[in-house]
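Report on one structure; see the data block that follows.
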Amino acid sequence: MRRLMQLPAEVRQYLVVTGNYWSFTLTDGALRMLVVLHFHQLGYSPLQIAGLFLFYEFFGVVTNLLGGWLGARIGLNRTMNIGLALQVLALGMLAVPTGWLTVGWVMAAQALSGIAKDLNKMSAKSAIKLLLPDEQQGALYRWVALLTGSKNALKGVGFFLGAGLLALLGFRGAVLAMAIALALVWLLSLRLLRRDLGRAKGKPKFRDLLSKSRAINLLSAARLCLFASRDVWFVVALPVYLSAVFGWDVWSVGAFMALWVIGYGVVQARAPAVTGRGSGHQPGGRAAAGWALALAVVPALIALGLMLDGQSRWVLLGGLLVFGVVFALNSALHSYLIVSWAARDAVSLDVGFYYMSNAAGRLLGTLLSGWIYQQYGLVACLWLSAVLVLAAGLISLALPEAATRPARCD
């Protein structure tokens, strides 16, 4: 604690924000894996499992829109701490006797968890913008990539943690242990996080929720398609397929999903060295379009491979590893662009609007993942993924090449 207090203020706040984000992410990843595997074991269909996440994703859309406005009015420290507290409450709701875990109860707990997750993420991403001056774009890209990449690596660890805790402690014991651990993090955050972080100089009005920047609107639309393309196979279809078709147990499913997300996070953290190499400046809209169009090829090739050999583990697992690498570069580039283009005063408004689209993409992908897989199988999910990524690339062609925030629309 003493060493932390001796660091420069900006670095100290970055570490506190990152530590909060990491801790939250572990519980979020573990909870997602716990819910999918536990309710699959109970005999729920893929579409029913997807339905358990409906409120989680829906309230993520609402939270990002309203959370940006709230963060600008009361400060990002408060929105981040509210998110931690709500996640503790959501975990506590699930640590009840098995007979209480009705669909409605689980969906309500997932709704709280969705609100908590997006308050936490919006606060963390917005805070980074305020800890560096506008002229340090290279450092901003590295800080955003490190935060996002490390978060996703830990989310992968969370998947493995969820599967492990389910096997060792059971569903109730697992969520109770996570609730206690996250409550301790919340108490530390209340003490260490700067009180005025992210509060706007003026009080933004409710009509300021929607972005007036054409670039941010386009980037948000591309983000929606990008994340729908991932979750249409990742959230429900893949873990159920690995369990039902390949016959994997919960440890194997959790381990693969964990390794995929960990690798995805590592690539994200290294994205500035790849997407900005040799350009002499930070990437813009052209790079976002190019990487998205390259990604669209991958799920199409996996789908073709499975159509030729439906039982090929190497085609599916190897292809999804390639998808993870290219998707990570796309995601890191998008995360940098929104933070770079967001207005410094009331940054959370622009970031919140953008991550509202991110949450909408996850919601769409989650619902389609259960329905398309149940009706048509994994190959159909992969074809739809290719179409969605292609749409993200085409939208990105209209993005500006500016390295800093483009002018706002009238």
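Source: prediction; values computed, not measured. Only this structure's heavy atoms are used, side chains among them; waters, hydrogens and symmetry mates stay out.
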Looking at [X] and [Y], what are the two nearest heavy atoms and their distance?
X: Met80; Y: Asn120; value: CE-O, 3.6 Å
X: Trp248; Y: Arg313; value: NE1-NH1, 3.4 Å
X: Val389; Y: Ala292; value: CG1-O, 3.1 Å
X: Val326; Y: Trp291; value: CG1-O, 4.1 Å
X: Gln87; Y: Phe24; value: CB-CE1, 3.3 Å
X: Gly162; Y: Leu34; value: O-CD2, 3.3 Å

Report yes or no: does [X] contribute a side-chain atom to a donor-acceptor pair with the main-chain N or O of [Y] at less than 3.5 Å?
X: Thr79; Y: Leu119; answer: no
X: Ser369; Y: Val236; answer: yes
X: Ser113; Y: Ala109; answer: no

Open item on the list: Which label fits Tyr241 and Tyr373: parallel for a plane angle under 30°, tilted from 30 to 60°, or perpendicular past 60°?
Closed with: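 Rings of Tyr241 and Tyr373: perpendicular, as their planes differ by over 60°.
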- [ ] Describe, in one word, how the ring planes of Phe39 and Phe171 are oriented to each other, choosing from parallel (under 30°), tilted (30 to 60°) and perpendicular (over 60°).
- [x]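 Taking Phe171 first and then Phe39, their aromatic rings stand perpendicular (interplane angle over 60°).
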Can you tell me how far the [atom1] atom of [X] sits from the [atom2] atom of [Y], to the nearest 0.5 Å?
X: Ser385; Y: Ile372; atom1: OG; atom2: CD1; answer: 12.0 Å
X: Leu364; Y: Cys225; atom1: CG; atom2: SG; answer: 8.5 Å
X: Ile115; Y: Phe59; atom1: CD1; atom2: CZ; answer: 5.5 Å
X: Thr63; Y: Leu112; atom1: OG1; atom2: CG; answer: 9.5 Å
X: Ile180; Y: Leu184; atom1: CD1; atom2: CG; answer: 8.0 Å
X: Leu382; Y: Phe323; atom1: CG; atom2: CZ; answer: 8.5 Å

Task: Step-by-step side-chain contact (heavy atoms from CB on, under 4.5 Å) determination, Leu329 to Leu295 - done: CA-CA 10 Å; Leu329 296 173; Leu295 178 63; over 6 Å; no
TODO: Please assess Phe327 against Leu226 for the test side-chain contact (heavy atoms from CB on, under 4.5 Å), listing each intermediate value before the final yes or no.
DONE: CA-CA 8 Å; Phe327 184 89; Leu226 186 67; 3.6 Å; yes
May I ask you to test the [X]-[Y] pair for a side-chain heavy-atom distance under 4.5 Å?
X: Leu316; Y: Leu238; value: yes
X: Leu363; Y: Thr366; value: no
X: Arg223; Y: Ile338; value: no
X: Ser23; Y: Leu182; value: yes
X: Leu394; Y: Leu397; value: yes
X: Leu224; Y: Asn358; value: no
X: Val175; Y: Met93; value: no
X: Leu301; Y: Val322; value: no

Heavy-atom count around [X] [atom1] within 6.0 Å, excluding the residue itself: above 12?
X: Trp383; atom1: CH2; value: yes
X: Phe256; atom1: CZ; value: yes
X: Trp22; atom1: CH2; value: no

TODO: Please step through side-chain hydrogen bond (donor to acceptor under 3.5 Å, both in side chains) for the pair Asp249 and Ser252, ending with a clear verdict.
DONE: CA-CA 5 Å; Asp249 58 22; Ser252 300; 2.9 Å; yes
Task: Leu218/Arg214 under side-chain contact (heavy atoms from CB on, under 4.5 Å): CA gap, chis, key distance, verdict - done: CA-CA 6 Å; Leu218 288 170; Arg214 180 175 182 270; 3.6 Å; yes
Task: Met356/Asp118 under side-chain contact (heavy atoms from CB on, under 4.5 Å): CA gap, chis, key distance, verdict - done: CA-CA 9 Å; Met356 175 200 67; Asp118 284 296; over 6 Å; no
